[in-house]
Amino acid sequence: MENRTVVISPEQLAAQAAVCENIKAYWAAQNRTPRAFVDTYGCQQNEADSERIRGMLVSCGYEIVDTEEGADCIVINTCAIREHAETRVFGNVGALVHTKNRHPGQKIFLCGCMAGQPHVVERIKKSYHHVDGVFNPHQLWRFPELLQYVLKTNKRIFAAEDSAGNIAEGIPVVRSNNLKAWVSIMYGCNNFCSYCIVPYVRGRERSRKPEEILEEVRELVAAGYKDITLLGQNVNSYGKDLDCGVDFADLMADIASLPGQFWLRFMTSHPKDASKKLFDTIAKYPKICNQFHLPFQSGNDRVLKAMNRHYDSAQYLSLVEYGRSVMPDLVLTSDVIVGFPGETEEEFEDTIKLIEKVRYDALFTFIFSPRQGTPAAKMDDPTPKEEKNRRFDRLCEVQNRISQEIHSAYIGKTMCVLVDGREEDSLTARTEGGRLVRIAGDDGLIGQFIDVRITDCTTWSLVGETE
Ligand code: SAH
Ligand code: SF4
Ligand code: F3S
């Protein structure tokens with residue numbers, strides 16, 4: 001594999017745009033508006049990619065619908081992070097045989113991180129004949145060309161060659177929300193944590209140019225977006241590949257200096273690269289939310305080493321301490337894995353101790369899932385499944401108690417929230433720290449920053465009333 005980022009040229013992208021026009025004309029000649037359904041699994045990176053897939057489909061004349069039934073084109077954007085995610089996708093893709101029988105012209109594509117694994121591509125090729133096309137994350141920008149091939153020839157296409165990755169600017173995008181926007185600032189990952197599939201399916205770290213990112217955020221703010229999240233697998237590595245003297249903290253400072261009222265967030269940070277400068281920058285700029293998602297994965301140093309994480313629990317705790325010293329109201333969330341191969345009961349207890357010390361607002365908890373091709377999948381794993389489940393339940397219990405305690409402490413406080421939608425009879429809103437708040441009120445408040453008094457809470461959310 002060539003270890004170099006490829007920049008997709010404006011000419012190559014213009015050629016794809018021309019293909020979109022051809023597809024549009026193909027449907028216009030049949031006098032109908034085709035329908036497309038994009039189904040997304042996995043993380044925000046995939047959500048952001050799906051917004052681009054929808055953008056390309058709209059450029060090809062498709063109307064975006066929210067069901068596979070009767071759709072002319074279905075795109076399944078998949079996640080490979082754990083076995084469970086893959087099993088769900090295989091089940092759902094299998095069921096599409098019937099949907100396609102009812103609508104024989106339907107074209108089905110599978111893309112995303114599962115398509116970055118050769119054994120998955122082989123399985124689709126062999127056993128899922130109703131899938132017309134597969135493309136991995138590196139081929140996403142070529143989707144119009146792949147769609148045209150399938151429409152014209154009725155043949156299947158597999159675009160899944162391995163690559164170090166590319167950067168394609170200017171792909172059309174249809175965003176799924178008009179207040180909150182994802183902005184990918186970099187792609188790929190170089191860290192090779194021993195359990196993780198991401199570096200294999202998404203290629204090497206590559207950063208977008210600061211001016212491209214600033215321009216995108218400027219446009220979003222002008223269009224009325226209020227909550228902007230910068231995305232990358234390890235945003236702290238931003239800029240290392242560019243040699244332009246701008247690191248992640250500098251980029252955040254530049255974005256937070258843009259005019260307009262908006263909140264700026266980011267995810268995810270790797271503790272080995274989280275710098276004091278970054279915490280200081282977050283503390284300095286009011287638009288940057290005092291929120292940090294800082295995955296620790298394990299509280300035990302042997303396990304952290306086996307995970308190839310390049311920090312120990314003491315270094316992690318000192319980062320948290322520094323963050324809180326410059327932002328006493330910092331909202332901290334994290335990811336943790338239980339049942340990593342060989343994790344003993346004592347090692348697991350170290351994870352519980354770290355959680356009790358840090359007291360996270362919320363945790364994303366996972367049971368280790370072996371991923372083919374990663375070093376951890378080959379490690380001895382004598383702990384029975386039942387024992388891992390027990391550890392998982394205990395961890396959730398501890399965290400739920402802490403979340404409930406932290407949320408209870410909000411009661412009586414007045415906080416600024418961004419009202420972002422409605423669920424049944426209440427409005428939904430987010431605090432600067434990303435906590436969900438339900439409030440009574442009318443739809444006119446949607447899109448506004450307002451002060452609310454917190455009156456009640458659950459483990460997962462807060463209840464507030466307008467002042
Ligand atoms: N780049 C981000 C994480 C992306 S994956 C980071 O490094 O923080 C999101 C989370 O999934 C990880 O933080 C980890 O907790 C979990 N995860 C990744 N691979 C896993 C595996 N094989 N089994 C269980 N959980 C896993
Ligand atoms: Fe996976 Fe580690 Fe990269 Fe995160 S930093 S995407 S966990 S390899
Ligand atoms: Fe899944 Fe790929 Fe994201 S594996 S978690 S969709 S980067």
Side-chain angles (χ1 to χ4, degrees), residues 6 8-9 11-40 49-50 52-65 67-78 89-90 92-163 166 168 171-172 174:
V6 175
I8 307 301
S9 69
E11 292 74 28
Q12 287 171 298
L13 288 163
Q16 295 299 319
V19 171
C20 292
E21 287 305 317
N22 289 344
I23 298 176
K24 211 182 209 170
Y26 165 89
W27 288 109
Q30 299 179 38
N31 221 353
R32 72 186 198 86
T33 305
R35 284 174 290 184
F37 173 62
V38 181
D39 200 7
T40 313
D49 284 350
S50 284
R52 293 200 148 63
I53 294 168
R54 290 193 191 95
M56 291 187 269
L57 283 162
V58 167
S59 301
C60 294
Y62 287 76
E63 173 197 355
I64 304 299
V65 292
T67 168
E68 58 267 10
E69 204 54 57
D72 298 284
C73 179
I74 299 177
V75 183
I76 323 231
N77 193 4
T78 63
V89 167
F90 278 122
N92 293 350
V93 171
L96 290 178
V97 167
H98 309 295
T99 325
K100 192 165 179 169
N101 281 341
R102 290 190 289 272
H103 192 77
Q106 191 165 63
K107 302 296 177 208
I108 302 175
F109 288 85
L110 184 140
C111 65
C113 294
M114 278 171 72
Q117 301 178 97
H119 70 275
V120 172
V121 178
E122 273 315 300
R123 185 167 163 192
I124 298 284
K125 222 181 233 176
K126 276 212 186 90
S127 314
Y128 294 79
H129 289 272
H130 59 295
V131 174
D132 299 280
V134 173
F135 55 98
N136 68 15
H138 306 307
Q139 317 289 332
L140 181 122
W141 65 278
R142 289 177 54 212
F143 173 52
E145 174 194 331
L146 307 175
L147 175 59
Q148 174 172 260
Y149 176 86
V150 168
L151 284 172
K152 271 197 175 159
T153 64
N154 270 324
K155 286 188 185 150
R156 307 174 80 198
I157 191 158
F158 293 85
E161 304 79 55
D162 198 5
S163 149
N166 53 46
I171 297 178
V174 170

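- Rounded to the nearest 0.5 angstrom, N166 CG and Q139 CD are separated by 7.5 Å.
- Annotation for V134 and A115: closest pair CG1-CB, 3.7 Å, computed over non-hydrogen atoms.
- One distance of note links CG of L110 with CG of N92; it measures 11.0 Å at 0.5 Å rounding.
- Taking a 6.0 Å sphere around CZ of R35, one finds it holds 12 or fewer heavy atoms contributed by other residues, nucleotides or ligands.
- Judged purely by atom type and a 3.5 angstrom limit, H130 has no side-chain atom pairing as donor or acceptor with the backbone of A95.
- Between C111 atom SG and I53 atom CD1 the span is 4.0 Å, to the nearest 0.5 Å.
- By the salt bridge (Lys or Arg N to Asp or Glu O under 4.0 Å) test, K100 pairs with D132, sequence neighbours left out.
- Residue K155 comes nearest to V150 through the heavy atom pair O-CG2, 3.6 Å, listed as atom of the first residue, atom of the second, then distance.
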*List the steps and the verdict of side-chain contact (heavy atoms from CB on, under 4.5 Å) for V120 and V89.*
CA-CA 11 Å; V120 172; V89 167; over 6 Å; no

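- Looking only at distances, a side-chain donor or acceptor of N136 sits under 3.5 Å from a matching main-chain atom of A160.
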*Given side-chain contact (heavy atoms from CB on, under 4.5 Å), test I64 with V58 step by step and report yes or no.*
CA-CA 7 Å; I64 304 299; V58 167; 3.8 Å; yes

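- Residues L57 and L147 meet the side-chain proximity criterion, which asks for heavy atoms closer than 4.5 Å.
- In this structure, CD in E122 is found 5.0 Å from NZ in K125, a value given to the nearest 0.5 Å.
- The shortest non-hydrogen separation linking P172 to S59 is CG-OG, 3.5 Å.
- Nearest approach of M56 to P144, heavy atoms of both residues: SD-CD, 3.4 Å.
- Listed by first and then second residue, the ring pair (Phe, Tyr, Trp, His ring centres under 6.0 Å) pairs involving residues 138-163 are F109-F143, F135-F143 (not counting sequence neighbours).
- Scanning all heavy atoms of the two residues, the minimum distance from P104 to R102 falls at CD-C, 3.8 Å.
- Side-chain contact between I23 and V19: present, with at least one pair of heavy atoms (C-beta onward) separated by less than 4.5 Å.
- For the atom pair CE (M114) and CD1 (I124), the distance works out to 6.0 Å, reported to the nearest 0.5 Å.
- Of the possible donor and acceptor atoms, none in the side chain of Q12 sits under 3.5 Å from a partner among the backbone N and O of A168.
- Distance check: Y26 OH to K152 NZ gives 10.0 Å after rounding to the nearest 0.5 Å.
- Closest of all the heavy-atom pairs between T33 and G61 is CG2-O, 3.8 Å.
- Contact check for L140 versus I171: side-chain heavy atoms found under the 4.5 Å cut-off.
- Between the side chain of E145 and the main chain of Q16, no donor-acceptor pair closer than 3.5 Å is present.
- Considering only heavy atoms from C-beta on, E69 comes within 4.5 Å of T99 through its side chain.
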